[in-house]
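Hydrogens, waters and symmetry mates play no part in the numbers below; they use all other heavy atoms, side chains included. Keep in mind that what you see is a predicted model, and the values were worked out from it rather than measured.
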Amino acid sequence: MGEEIFVSPKKKGKVAVFISGRGSNFRALHDAILAGKINAEIALVFSNKKEAPGLKIAQERNLETLFLNSKDYPSLEEFEKEIIKELKKRDVDLICLAGYMKILSSSFCNEFNNCIMNIHPALLPAFPGLHVQKKALEWGVKYSGATVHFVTADVDMGPIIIQAVVPVHQDDTEETLSDRILKEEHKIYAEAVRLFFEGKLEIRGRRVFIR
Ligand code: GRF
């Protein structure tokens, strides 16, 4: 069987950003859209946390927001069904996970195959999971960074779109390293979404090519 090839669509896209907290990556994406750097609009900012500061920012920016509490649903499946309904209603083309702290089911990932991105504050496949800046520091790596990747059911392991490298300094704390990485996150996430809607991302197996 030949390798399946996916090419991202060239169009003015509709993006849903999923957050659970601060929302600085969401803000960076929105800023890039407002600056005309990305051919897209944010159709929805979704949060599974009512108090997520990013939700408030989205409201202040007059973006459509939605909060759903997974505890109000009998199962993850029912919770995600509701989210999918809201996404389909708005013809969402791309979901950007931006500090969304709930793992998506494999059926959700399959429903939006090749159309979910995530930003991770380490150089995957090193340091998947949580508290990765601290883990990188403790491990003693000399470089860390950020990764934008497509989301598959295998958490933090989907095809890598862009990475940015930052040095780890001897006097770094978790905070200083996180700040250095975050600045890069904001740049590469916007860049990845720009390329997506310029029809320039091609996925072949595990590899993402920029056309
Ligand atoms: C970022 O470090 C991102 O890489 C990780 O969660 C954090 C979210 O930060 N997935 P913010 O909410 O975008 O400010």
Side-chain angles (χ1 to χ4, degrees), residues 6-8 13 15-40 42 45 54 57 94-101 104 114-152 154-211:
F6 167 86
V7 180
S8 65
V15 178
V17 188
F18 283 24
I19 62 170
S20 299
R22 181 175 59 177
S24 73
N25 278 289
F26 142 64
R27 223 177 335 117
L29 285 177
H30 189 227
D31 288 346
I33 288 173
L34 291 178
K37 292 180 186 158
I38 304 176
N39 189 23
I42 293 182
V45 179
I57 298 168
L94 178 70
I95 298 165
C96 291
L97 306 184
Y100 183 63
M101 299 301 282
L104 298 169
N114 301 325
C115 297
I116 312 175
M117 284 184 191
N118 183 42
I119 178 87
H120 184 80
L123 293 175
L124 291 171
F127 308 112
L130 297 175
H131 312 298
V132 297
Q133 299 95 333
K134 184 163 180 270
K135 286 179 191 159
L137 209 57
E138 285 170 358
W139 192 265
V141 293
K142 305 298 183 194
Y143 292 92
S144 189
T147 304
V148 184
H149 63 93
F150 283 107
V151 171
T152 58
D154 208 1
V155 177
D156 291 337
M157 289 299 144
I160 290 170
I161 306 167
I162 308 184
Q163 293 186 303
V165 179
V166 306
V168 179
H169 298 153
Q170 297 209 63
D171 58 354
D172 264 335
T173 61
E174 184 183 355
E175 202 186 8
T176 57
L177 179 59
S178 300
D179 286 350
R180 192 173 310 122
I181 293 172
L182 192 66
K183 285 200 185 88
E184 298 303 318
E185 292 183 34
H186 294 165
K187 288 185 219 157
I188 63 172
Y189 213 173
E191 178 67 3
V193 177
R194 175 180 78 75
L195 291 168
F196 186 89
F197 289 116
E198 286 180 1
K200 288 188 177 155
L201 296 184
E202 181 175 311
I203 311 177
R204 280 192 242 158
R206 272 214 56 82
R207 298 182 69 190
V208 179
F209 293 83
I210 296 174
R211 288 146 68 98

Contacts of D156 that satisfy salt bridge (charged side-chain N to carboxylate O under 4.0 Å, His left out) - sequence neighbours left out: none

Pairing residues for R207 by the salt bridge (charged side-chain N to carboxylate O under 4.0 Å, His left out) criterion, not counting sequence neighbours: none

Evaluate I210 against E198 for side chain to side chain contact (heavy atoms under 4.5 Å, CB included), listing each step before the verdict. CA-CA 10 Å; I210 296 174; E198 286 180 1; over 6 Å; no

Residue F209 excluded, over 12 heavy atoms near CZ under 6.0 Å: yes

Minimum heavy-atom distance [X]-[Y], with the two atoms named:
X: V193; Y: C96; value: CG2-SG, 3.8 Å
X: L177; Y: P167; value: CD1-O, 4.2 Å
X: Y189; Y: M117; value: OH-O, 3.1 Å
X: C115; Y: F196; value: SG-CZ, 4.4 Å
X: V15; Y: A40; value: CG2-CB, 3.9 Å
X: V148; Y: A192; value: CG1-CB, 3.7 Å

Can you find a heavy atom in the side chain of [X] that is under 4.5 Å from one in the side chain of [Y]?
X: F18; Y: I95; result: yes
X: L182; Y: R22; result: yes
X: L97; Y: N25; result: no
X: L94; Y: I116; result: no

Distance, nearest 0.5 Å, that separates OG1 of T173 from CG of D179: 8.0 Å

In Å, rounded to the nearest 0.5 Å, how long is the span from CZ of F6 to CG of N114? 4.5 Å

Please report the C-alpha distance between I181 and E184 in whole Å, then the side-chain angles of each, then the deciding distance to 0.1 Å, and finally whether the side chain to side chain contact (heavy atoms under 4.5 Å, CB included) criterion is met. CA-CA 5 Å; I181 293 172; E184 298 303 318; 5.6 Å; no

Lys/Arg N to Asp/Glu carboxylate O, R204 vs E202, below 4.0 Å: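 Between E202 and R204 there is a salt bridge, with a charged N closer than 4.0 Å to a carboxylate O.
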
Check this for me: does any side-chain nitrogen of one of D31 and K37 sit under 4.0 Å from a carboxylate oxygen of the other?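 Salt bridge flag = no for K37 with D31.
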
Result block: side-chain N/O donor-acceptor pairs under 3.5 angstrom for residues 118-134, not counting sequence neighbours:
{"unit_1": "N118", "atom_1": "ND2", "unit_2": "H149", "atom_2": "NE2", "d": "3.2"}
{"unit_1": "H120", "atom_1": "NE2", "unit_2": "F127", "atom_2": "O", "d": "2.7"}
{"unit_1": "K134", "atom_1": "NZ", "unit_2": "E138", "atom_2": "OE2", "d": "3.3"}

Between the side chains of H186 and R27, is a donor N or O closer than 3.5 angstrom to an acceptor N or O? no

Apply side chain to side chain contact (heavy atoms under 4.5 Å, CB included) to residues R211 and V7 and explain how you reach the verdict. CA-CA 9 Å; R211 288 146 68 98; V7 180; 3.5 Å; yes

Any chance you could lay out the side chain to side chain contact (heavy atoms under 4.5 Å, CB included) test for H169 and T176, step after step, and finish with the verdict? CA-CA 9 Å; H169 298 153; T176 57; over 6 Å; no

